[in-house]
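Here the structure is a predicted model, which means the values were calculated and not measured. If you read the sequence from its start, that first residue is 1, and numbering goes on from there. What's counted below: heavy atoms across the whole structure, side chains too, no hydrogens, waters or symmetry copies. When a ligand or atom number is given, it counts from 1 through the structure's own listing order.
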Amino acid sequence: MLSLADIYAARRAISPTATDTPLVPSPFLERLTGQEVLLKLENMQPIGAFKLRGALNAVASLPEDTPGVTCCSTGNHGRGVAYAARARGVRAVICMSELVPQTKVDGIRALGAEVRIVGRSQDDAQIEADRLVAEEGLTEIPPFDDAAVIAGQGTIGLEILERRPDITTLLVPLSGGGLAGGIALAAKAIRPDIRIVGLSMDRGAAMYLSIRAGHPVEVEEVPSLADSLGGGIGAQNRLSFALCRDLLDETLLVTEEEIYRAMQALYWEDRIVAEGACVVGISALLAGKITLDGPTATVITGRNCDMDLFTRIVTGQSITLGDYVIEGRRYE
Ligand SMILES: *Cc1c(COP(=O)(O)O)cnc(C)c1O
């Protein structure tokens, strides 16, 4: 079982390489909600996303003579593993599906890792990762369902509450649940009455549907502005499902239009470049889906979006995602 002690240990392991990111106020969200809203800027990590934390903690726990690591990732986890492996001087092979944007593939190659692109889903990429483990002896670092990874992501909860013990609500993007599970574990251990809301996009929200079903369910993976939140939680989920089910007070969904709007707002109001996945908390605030009762923090989880797509969004152009169209609308 994971505990607060594991999260403190993770902080010691990752602190030489991961950044203790800023927690900054968002004046426009304060005007909107009447409460102080703070942004935890994980987009400022060396890889541009929080996943470096979990990856560093997992790589730190490998034996001295490891032949290397592999993982199966929609992007940011792959970048995190690549960066963490290079920091420790071990080989990394990253497996991913064709749905992953080209900027993310290039980013990982630039970090010195080998990239394997296989199939159209997370499951296809997983088969290649399994083969590398069986035939080449690499250690797989899972993106969320792993104790060391969850403890690494949980260090965000420590940093937020150490700086602002008065926070009453945390808004956390939710996909596989390593982030929300780790943060909830840390935050609820320190402040049992804190309210934690997990947020996902309404197209393919695996954890949201699994919590309601009472067991992990499969979802179809479709293109989304929040592409870092895509993918399933694993039929054999061991840790992150139970953590999210037991520790999250609420789970909520937002639409592609609400994500589009929040990316525009965060850019024009706070001048922050953020991927769709990390504005789901802001989306829900803008859409009036959450009422706040005190100082609130949300995690700006990453900035690794396709910049052509990002530019189209912030300039109000229409976006096509597979067979789904988001109508263009200028921000004002
Ligand atoms: C991975 C990721 C998430 C979700 O984290 P989980 O642990 O899978 O729930 C959110 N935002 C970004 C940018 C990510 O890369």
| field | L179 N/O under 3.5 Å from ligand 1 N/O | value | yes

| field | Nitrogen or oxygen atoms of A49 and ligand 1 under 3.5 Å apart | value | no

Please list, in number order, the atoms of ligand 1 under 4.0 Å from a heavy atom of [X].
{"X": "L229", "answer": "3 (C), 4 (C), 10 (C)"}
{"X": "N76", "answer": "13 (C), 14 (C), 15 (O)"}
{"X": "A277", "answer": "11 (N)"}
{"X": "E275", "answer": "13 (C)"}
{"X": "G178", "answer": "6 (P), 7 (O), 9 (O)"}

| query | Out of curiosity, is G177 lining ligand 1, as in a heavy atom under 4.0 Å away? | reply | yes

| Looking at side-chain heavy atoms only, is the closest gap between E136 and R131 below 4.5 Å? | yes

| said: Applying a heavy-atom cut-off of 4.0 Å, say which part of M207 lies close to ligand 1: side chain, backbone, both or neither. | reply: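 For M207, no heavy atom sits under 4.0 Å from ligand 1.
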
| Side chain, backbone, both or neither: which part of H77 comes within less than 4.0 Å of ligand 1 when only heavy atoms are counted? |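 It is neither part, as no heavy atom is under 4.0 Å.
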
| message | Running the 4.5 Å side-chain criterion over Ile, Leu, Val, Met, Phe, Trp and Tyr, what cluster does M1 land in, apart from itself? | response |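 Under the 4.5 Å side-chain rule, M1 groups with nothing.
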
| Residue pair Y267, Y331: steps toward the ring pair (Phe, Tyr, Trp, His ring centres under 6.0 Å) verdict | CA-CA 10 Å; Y267 178 75; Y331 184 74; 9.5 Å; no

| task | Could you tell me whether the side chain of R86 and the main chain of G112 form a donor-acceptor pair under 3.5 Å? | result |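 Such a contact is absent between R86 side chain and G112 backbone.
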
| field | Main-chain N/O of I14 paired with T17 side-chain donor or acceptor, under 3.5 Å | value | no

| remark: Sorted by chain and residue number, the side-chain contact (heavy atoms from CB on, under 4.5 Å) partners of D123 (sequence neighbours excluded) come out as S121

| query | Are Q45 and T21 close enough, and set up right, to give a side-chain hydrogen bond (donor to acceptor under 3.5 Å, both in side chains), and what steps lead you there? | reply | CA-CA 7 Å; Q45 287 293 351; T21 54; 4.8 Å; no

